[in-house]
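Notes for the one structure printed next.
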Amino acid sequence: MPSNPAKAGEYGERARCPATGATAEPASPLATASTASEANASDKTGSGVPGLGENHVGGNLDRVRADASGQVLTTNQGVAIADNQNSLKIGLRGPTALEDFILREKITHFDHERIPERVVHARGSAAHGYFENYQPLSQFTRAAPFAKAGKRTPVFVRFSTVAGERGSLDTARDVRGFAVKFYTEEGNWDLVGNNIPVFFIQDAMKFPDLVHAVKPEPHHGMPQAASAHDTYWDFVSLMPESTHMLLWQMSDRAIPRSYRTMQGFGVHTFRLINDQGESVFCKFHWTPVAGTHSLAWDEAVKIGGADPDFHRRDLWEAIEAGAYPEWELGLQLFSEEQAESFDFDVLDATKIVPEELVPVVPVGKLVLDRNPDNFFAETEQVAFCTAHIIPGIDFSNDPLLQGRIHSYVDTQISRLGGPNFHEIPINAPLAPVHNNQRDGMHRQTIARGRVAYEPNSLGGGCPFQAGARGFTSFAQPIAEDKVRGKPEKFADHYSQATLFWRSQSPAEQRHIVNGFCFELTRVQVPAIRQRVVSLLVNVADELALAVADGLGIAVPPPAPKASERDFPVPAPSPALSLTSYPGDGSIKAKRVAILVADGADAAGVVSLYGALLAGGAVPRLLGLRLGPVAAEGRALEVEATVSALPSVLFDAVAVPDGADAAQTLANAGTVLEFLRDQYRHCKPILVVGAAGALLDKAGIPLTLPDGAADPALVQVAAMDQGVAALIDALGRPRDHARETDPPRV
């Protein structure tokens with residue numbers, strides 16, 4: 001090339017539509033080679049010449065999968081190991097030799113097996129799957145996943161808690177991460193969101209402060225994976241912008257029943273851009289097909305002791321059983337003109353866009369259908385970055401989002417050992433990777449040729465810039481002074497908190513009050529408790545009064561507002577209540593305990609077990625000890641004990657007929673407590689025939705507190721009369737009508 005013909009396109013109005021980079025075809029492949037000897041092949045170099053224009057470091061995971069079936073044990077250098085039981089010693093009772101390179105390699109690798117955990121979202125679980133688009137969205141975006149009907153894009157999805165360390169429990173009261181990596185043909189797109197659509201703060205400047213406050217207190221390292229302590233509530237009580245998020249955090253949203261039954265949100269306002277460069281604002285919503293279901297707080301605490309891996313196990317076992325979790329992706333699309341007319345600012349991450357204002361439009365579904373092969377290589381090493389977007393997606397000026405764009409990339413560089421984390425197989429895109437980045441720790445790509453700059457002529461101009469078909473940012477005109485501060489609408493800290501409170505069912509409101517009372521009771525400084533309640537006075541009088549009463553304090557004056565402007569409170573939004581998403585009625589992957597002892601009705605047990613399996617549920621025979629029980633008609637094998645798998649690990653319980661079995665079970669305190677917990681946690685209970693005596697012994701009433709029949713308490717004379725009723729109750733959300741304070745049982 002005698003000159004750079006694209007240079008003139010970098011200036012003036014021509015720069016708005018970048019030109020494709022200039023290239024030239026070399027006369028011979030050797031003109032761009034690293035070495036003239038590249039065609040001299042060996043078993044290690046391979047053919048020596050890649051397919052021109054290819055980079056084999058990217059692509060699917062088959063290239064790095066390994067299996068040792070039938071293979072000899074070796075060192076990392078491929079040397080066969082004769083003895084893996086003993087170190088090399090000077091005599092059988094002598095000292096170990098320093099020259100034992102096999103021992104040193106093994107121990108050294110073991111000593112370095114752990115990498116720094118994530119500062120937040122350290123505890124996670126993940127799975128592979130796909131996103132399937134419903135209809136083309138070309139009028140809104142050129143993004144590859146939305147290009148045509150039925151198009152499937154591979155994804156890797158990681159769910160997580162936020163505050164806890166890698167070894168903390170799953171069921172802590174916390175925000176849950178919901179991060180989706182789309183492997184598109186135009187590069188990786190990471191939609192890094194949460195199960196709550198708003199956040200604690202408005203500006204990324206405050207993120208380190210928030211995390212420092214919620215993490216274990218630095219003087220004694222407690223509490224782990226919990227916000228119920230002074231430093232957290234001290235911080236948020238001085239940040240009234242957190243009030244809306246606090247109501248979500250104290251609600252049932254923060255203790256989901258499973259990852260499969262929680263919503264996901266992109267949190268921020270993003271932009272979609274079409275081929276004409278036109279932009280609309282967008283909010284992303286994931287809604288589970290199974291419905292939104294949560295735990296009772298008492299249940300969550302007990303699960304944490306019985307099975308700290310409850311959510312991780314649930315996700316894994318559901319996929320292994322073929323009950324693939326599904327979500328529907330919905331978009332809220334609105335113009336900048338619409339956004340300007342709202343009473344709130346869409347760039348404020350502490351606000352939602354109510355669905356009554358902008359409906360959520362379903363555009364596709366997410367299905368998780370494959371568990372990882374290796375937790376560390378995939379789930380732990382996956383690197384999600386808010387900065388990873390593709391053509392057709394762009395950022396808004398949300399100041400929290402703007403900070404995340406930097407923070408995630410910066411974190412991965414530290415956590416994964418350098419700037420080449422994109423070459424780790426789980427992070428490698430399916431799209432081809434070609435650029436002039438070189439070197440750095442853990443570099444895997446062996447770049448051919450001597451050119452590592454652009455423009456060039458020695459490499460034929462390659463790799464060249466894509467021009468307008470590549471990623472281009474939305475051309476938003478900006479003419480402003482540099483300033484530190486927030487827009488006026490950001491000063492509205494309470495209207496949407498009130499909206500959320502008024503949109504909850506009575507049971508959900510009770511749970512929010514209980515959440516505040518539990519957390520603030522753990523706070524040792526009275527002034528902090530009082531300050532939090534002063535925020536709640538600005539949300540709803542009845543909320544502040546109930547929390548103050550639970551704390552034994554008078555309702556304080558309202559906290560001063562940041563603006564004298566009157567921000568209207570929208571009408572209640574049903575979509576903000578978990579009750580709005582009951583799910584498809586399926587019982588797939590739901591766990592049912594069948595309590596048995598000697599004398600149980602074997603035929604009834606077999607009938608129920610088969611019906612539950614046919615519906616995709618997971619029945620387990622529980623008894624007082626492992627082994628066979630002599631049931632009427634045949635022997636039944638107890639799969640687990642009520643002590644090892646307590647009530648909180650099950651979605652329903654059934655007790656079959658049999659007088660002797662009922663007598664044995666009624667005399668066991670663990671069984672009675674099992675039934676009481678099922679009742680307290682509002683779960684379905686089926687008792688057949690003589691097993692009805694257990695309800696009396698456990699003190700469980702047959703009717704609800706108002707005297708009405710309890711639809712989730714099924715008492716029948718014969719098993720065939722109760723199976724359908726149990727399955728029906730199991731497919732519905734739990735009914736909180738049983739809840740009383742104090743509890744009835």
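Keep in mind that what you see is a predicted model, and the values were worked out from it rather than measured.
The distance from the OG1 atom of Thr445 to the NE2 atom of His434 is 10.0 Å, given to the nearest 0.5 Å. Atom CD1 in Ile273 sits 8.5 Å away from atom CD1 in Ile393 (nearest 0.5 Å). Rounded to the nearest 0.5 angstrom, Leu333 CG and Gln139 CD are separated by 8.5 Å. Within the model, atoms OG of Ser160 and CG of Asn194 stand 7.5 Å from one another, a figure rounded to the nearest 0.5 Å.
Scanning for side chain to side chain donor-acceptor pair (under 3.5 Å) contacts around Glu320 gives Asn371, with sequence neighbours left out. Residues that satisfy the side-chain contact (heavy atoms from CB on, under 4.5 Å) test with Gln402, not counting sequence neighbours, are Phe395, Asn397, Ile405.
Paired with Lys106 under the rule side-chain hydrogen bond (donor to acceptor under 3.5 Å, both in side chains), one option of Thr75, Asp111, Asn84 passes, and it is Asn84. Under the side-chain hydrogen bond (donor to acceptor under 3.5 Å, both in side chains) test applied with Asp170, the options Arg123, Arg176, Arg312, His311 reduce to a single match, Arg123. The ring pair (Phe, Tyr, Trp, His ring centres under 6.0 Å) test with Phe146 is passed by exactly one of Phe140, Tyr134, Phe131: Phe131.
Centroid-to-centroid, the aromatic rings of Phe178 and Trp327 come within less than 6.0 Å.
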Q.
Applying ring-ring contact (aromatic ring centres under 6.0 Å, His included) to Phe265 and Phe284, what does each step give before you reach the verdict?
A. CA-CA 6 Å; Phe265 303 92; Phe284 295 100; over 10 Å; no

**Q.** Check against side chain to side chain contact (heavy atoms under 4.5 Å, CB included), Val157 and Leu368
**A.** CA-CA 8 Å; Val157 181; Leu368 300 183; 3.6 Å; yes

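Between Phe182 and Trp286, the angle of the ring planes stays under 30°, which puts this pair in the parallel group of the 30/60° scheme.
For the pair Lys283 and Phe270, the NZ or CZ position fails the cation-pi test of under 6.0 Å to the six-membered ring centre and within 45 degrees of the ring normal.
Between Glu117 and Arg415 there is no salt bridge, since no side-chain N of the basic residue sits under 4.0 Å from a carboxylate O of the acidic one. Salt bridge Lys151/Glu132: absent, no basic N to carboxylate O contact under 4.0 Å.
Closest approach of Lys181 to Val382, counting heavy atoms only: CE-CG2, 3.7 Å.
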